[in-house]
There are 2 protein chains.
Amino acid sequence: MTQKDDFKLQDFLPYLLNQAAEESGLAFQQIYKDRYGMLRTEWRVLFHLGMYGRMSAKDIGERSKMHKTKISRAVAKLEARRMLTRERDAADRRLEYLTLTQAGKAAYIDLRGVAKAYDTGLAGQFSQEDIDKLRLMLRHLAGMK
Amino acid sequence: MTQKDDFKLQDFLPYLLNQAAEESGLAFQQIYKDRYGMLRTEWRVLFHLGMYGRMSAKDIGERSKMHKTKISRAVAKLEARRMLTRERDAADRRLEYLTLTQAGKAAYIDLRGVAKAYDTGLAGQFSQEDIDKLRLMLRHLAGMK
DNA sequence: AGTTAACGGTTGATTTTGTAACTAACAAGG
DNA sequence: CCTTGTTAGTTACAAAATCAACCGTTAACT
């Protein structure tokens, strides 16, 4: 091109990370979509509630860095599908605590199992040492220090 | 939760990759958006044409794994902004070859410089050895063998 | 040639996201 | 109390992504 063109898009970290994220998540996405008709935002909310138990939308937002509108909509859908219930805080009536229903817990446990196996499969392509380092670096890049 | 819950969402590779991709790309995204009003699909098309020179939408699709409708629309926008021109193949009149205009090249060169500096900044957080390994693993996960 | 299938690319309808503005509730200072 | 500001969450509207159907063209088979 116009000057010596030693730029390689395939090495550009944001691009590479995106491609890896997309490709590596595809098959898992297919599962929660097919099995429960969920969106990514929805399974993320589900996972947060499954892992940490009862919490507010705000708490989820802080941990996941998802925008509050996404969470609001995901919660609405999960509620419509009877996967969670809301409960207003008596002391501060702006707050709503979210809890998984039995159906929600069942979905969480199911998907958690899938995720674990899936992750094991991905990680299995590398040595334990390498995968540990990868996770460490990714956490660093993600700002999850 | 219901059983021993040793699942950590923060270690789940597709999730972690997504967070890292999102976070690491944010500031760069801001630049091509502010400076040229571009979308991610648009700068990707721009970069492909800048790096490889004249090519068809289909070629871009194969290399970038973007869906053809995204590419079609990105090309239309770049054309409207006079960043590229189309040229029909005389032999196979379904094909269109895309070429950057001067303005397109200038934008590419500008953004390529930004990307390089940006990437250097990201990579600088790690040792050369680690960053090489990271890229290798990401390429592997992305299926870009 | 004539039919059918496949391909490159575009378009339109629907879904999902992003951005702002909005409620309703609380908090702090006067 | 009463303003002003902030917070948790929702909603409305615009921007963008997805999906399927589409057009014109080429290829393949008969």
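Here is the naming used below: chain letters follow the sequence lines, and residue numbers restart at 1 for every chain. Keep in mind that what you see is a predicted model, and the values were worked out from it rather than measured. Side-chain atoms are counted along with the backbone in the values below, which use heavy atoms only and exclude waters and symmetry mates.
- Taking atom CD of residue B:Gln29 and atom C1' of nucleotide C:dT17, one finds them 12 Å apart after rounding to whole Å.
- B:Glu79 places its CD atom 13 Å from the P atom of C:dG9, with the value rounded to the nearest Å.
- Taking atom CG on B:Leu95 and atom C1' on C:dG9, their separation rounds to 10 Å, with Å as the unit.
- Between A:Glu129 and A:Lys133, none of the side-chain N atoms (NZ, or NE/NH1/NH2) sits under 4.0 Å from a carboxylate O, so this pair counts as no salt bridge.
- Under the 6.0 Å cut-off for aromatic ring centres, B:Phe7 and A:Phe47 qualify, their centroids lying closer than that.
- The CZ atom of A:Arg88 sits 18 Å away from the P atom of D:dT7 (whole-angstrom rounding).
- With respect to B:Glu87 and B:Arg54, a salt bridge is recorded, a charged nitrogen being found less than 4.0 Å from a carboxylate O.
- Ring orientation note: the planes of B:Phe12 and A:Trp43 are nearly perpendicular, at an angle over 60° on the 30°/60° scale.
- A:Ser72 has a side-chain polar atom (N or O) that falls below the 4.0 Å cut-off from OP1 or OP2 of D:dT10.
- In this pair, B:His48 and B:Tyr52 present their aromatic rings tilted. The plane angle is within the 30 to 60° band.
- A salt bridge links B:Arg81 to B:Glu42: at least one charged side-chain nitrogen sits closer than 4.0 Å to a carboxylate oxygen.
- Salt-bridge formation is detected for the pair B:Arg135/B:Asp119: a Lys NZ or Arg NE/NH1/NH2 atom is positioned less than 4.0 Å from an Asp or Glu carboxylate oxygen.
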- What string of B, S and - do you get for nucleotides 16-29 of chain D 5' to 3' if you count protein non-hydrogen atoms under 4.0 Å? SSBBB---BBS---
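- Salt-bridge check for A:Asp89 with A:Arg94: failed, with every basic side-chain N at 4.0 Å or more from each acidic carboxylate O.
- If you check every strand for non-hydrogen atoms under 4.0 Å, B:Arg86 touches sugar and phosphate atoms only.
- A heavy atom closer than 4.0 Å to some atom of DNA chain D occurs in A:Ser56, A:Ala57, A:Lys58, these being the qualifying members of residues 55-64 of chain A.
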